[in-house]
Amino acid sequence: MGRFRYWTNAPFVLGALAYAANRWLLKPRFENRFLHTHFNDLWMIPCVLPPLLWLYRKLGLRTHDRAPSWQEITSHLLLWSLTSEWIGPRYFARGTADAWDVLAYAAGALAAGLWWQHANTAAA
């Protein structure tokens, strides 16, 4: 199995570039609802999970450098969905609970997970 490239894997790099393009190029020029509300949510898991897993590795909480497992992807998806779409809006009055955001997180998680698992098996 190949070593997971925390900072240079394709979903992370693509997500970071897509976020920057959306933030500074697309949203200022286009009044597209998807770009303004859900596009960046697609990149939550691909962009946030690799740095977190890197941090876990440095802290000794993760004992390997393999690609994210489905359990790691799913547990972070559930945690972020719960905190961002239920706890935050309910108890801190910041943001709006939105099931479409959770769907976007899940779609991004699925796409990234498939990529990571494919890349992991191809490197084996």
Side-chain angles (χ1 to χ4, degrees):
M1 286 191 188
R3 186 167 194 230
F4 182 62
R5 299 178 330 199
Y6 294 96
W7 299 98
T8 59
N9 68 84
F12 175 80
V13 172
L14 179 63
L17 292 172
Y19 173 83
N22 190 44
R23 167 134 172 125
W24 289 297
L25 298 175
L26 301 175
K27 281 172 53 173
R29 290 174 176 78
F30 301 103
E31 288 300 322
N32 181 290
R33 184 165 195 251
F34 179 73
L35 292 176
H36 285 263
T37 58
H38 302 296
F39 181 78
N40 288 340
D41 295 332
L42 290 170
W43 304 105
M44 170 75 99
I45 299 288
C47 289
V48 178
L49 187 58
L52 273 180
L53 295 179
W54 175 85
L55 179 62
Y56 298 162
R57 181 73 167 125
K58 295 300 174 193
L59 294 173
L61 302 172
R62 189 173 202 249
T63 60
H64 60 83
D65 287 315
R66 292 187 301 271
S69 68
W70 284 111
Q71 182 179 356
E72 289 171 318
I73 295 166
T74 304
S75 63
H76 284 83
L77 170 63
L78 293 173
L79 178 66
W80 293 330
S81 296
L82 181 67
T83 57
S84 298
E85 303 303 328
W86 189 70
I87 293 172
R90 183 174 182 152
Y91 295 105
F92 300 105
R94 294 197 178 254
T96 303
D98 186 354
W100 289 106
D101 288 347
V102 175
L103 184 62
Y105 303 155
L110 178 62
L114 290 171
W115 178 274
W116 291 325
Q117 296 308 309
H118 172 74
N120 197 39
T121 55

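Since we're looking at a predicted model, the values are computed, not measured.
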Next item on the list: Just jot down the side-chain contact (heavy atoms from CB on, under 4.5 Å) partners of Val48, sequence neighbours excluded, or say none.
Entry: Met44, Leu52, Trp80
Next item on the list: Just jot down the side-chain hydrogen bond (donor to acceptor under 3.5 Å, both in side chains) partners of His36, sequence neighbours excluded, or say none.
Entry: none
Item checked: Minimum heavy-atom distance Asp41-Tyr105, with the two atoms named -> O-CD2, 3.4 Å
Margin query: Tell me whether the count of non-hydrogen atoms from other residues, nucleotides or ligands lying under 6.0 Å of CH2 in Trp70 goes above 12.
Written below: yes
Checklist line | 4.5 Å side-chain heavy-atom contact, Trp86 and Ser81 | finding: no
Next item on the list: Could you tell me which non-hydrogen atom of Thr96 sits nearest to which non-hydrogen atom of Glu85, and how far apart they are?
Entry: O-OE1, 3.2 Å
Next item on the list: Output yes when a side-chain donor or acceptor of Ser75 lies under 3.5 Å from a complementary backbone atom of Glu72, and no otherwise.
Entry: yes
Checklist line | CD1 on Ile73 to CD1 on Ile45, rounded to 0.5 Å | finding: 8.0 Å
Next item on the list: Give a yes or no answer on whether the side chain of Arg23 reaches the backbone of Tyr19 with a donor-acceptor pair at less than 3.5 Å.
Entry: no
Checklist line | Least distance between heavy atoms, Thr83 atom then Pro89 atom | finding: O-CD, 4.3 Å
Note to self: According to ring-ring contact (aromatic ring centres under 6.0 Å, His included), who are the partners of Trp24, at least two apart in sequence or on a separate chain?
What the structure shows: none
Note to self: How long is the straight-line distance from NE2 of His76 back to CD of Gln71, given to the nearest 0.5 Å?
What the structure shows: 10.5 Å
Next item on the list: Given side-chain contact (heavy atoms from CB on, under 4.5 Å), test Trp54 with Leu49 step by step and report yes or no.
Entry: CA-CA 9 Å; Trp54 175 85; Leu49 187 58; over 6 Å; no
Checklist line | Non-hydrogen side-chain atoms of Trp116 and Pro11 separated by less than 4.5 Å | finding: yes
Check: Mind checking whether Leu77 and Leu103 sit in one hydrophobic cluster, side chains of I, L, V, M, F, W, Y counted as touching below 4.5 Å?
Finding: no
Item checked: Leu14 side chain near Pro46 side chain, heavy-atom distance below 4.5 Å -> no
Check: Do Pro50 and Trp7 come within less than 4.5 Å of each other through their side chains, counting heavy atoms only?
Finding: no
Notebook entry, point to check: Within the distance-only criterion (no hydrogens, no angle test), does the side chain of Gln117 pair as donor or acceptor with the backbone N or O of Ala112 below 3.5 angstrom?
Noted result: no
Margin query: Count I, L, V, M, F, W, Y as connected when their side-chain heavy atoms are under 4.5 Å apart, and connections chain through other members. Are Val13 and Leu114 then in the same cluster?
Written below: yes
Margin query: Measuring only between side-chain heavy atoms, which start at C-beta, is Leu42 closer than 4.5 Å to Phe34?
Written below: yes
Notebook entry, point to check: Going through the checks in order, is the side-chain contact (heavy atoms from CB on, under 4.5 Å) test met by Trp43 and Asn22?
Noted result: CA-CA 11 Å; Trp43 304 105; Asn22 190 44; over 6 Å; no
Notebook entry, point to check: Taking atom CZ of Arg66 and atom CG of Leu53, what is their separation to the nearest 0.5 Å?
Noted result: 12.0 Å
Notebook entry, point to check: Can you find a pair of side-chain heavy atoms, one from Asn32 and one from Lys27, that are under 4.5 Å apart?
Noted result: no
Next item on the list: Could you tell me whether the side chain of Asp101 reaches within less than 4.5 Å of the side chain of Ser84, counting heavy atoms only?
Entry: no
Margin query: Classify the ring geometry of His38 against Trp100: parallel below 30°, tilted from 30° to 60°, perpendicular beyond 60°.
Written below: tilted
Next item on the list: Evaluate the side-chain proximity of Pro68 to Phe4: yes if any heavy-atom separation is below 4.5 Å, no if none is.
Entry: yes
Note to self: Let me check something: do Tyr6 and Tyr56 share a hydrophobic cluster, defined by ILVMFWY side-chain heavy atoms less than 4.5 Å apart, either directly or through other members?
What the structure shows: yes
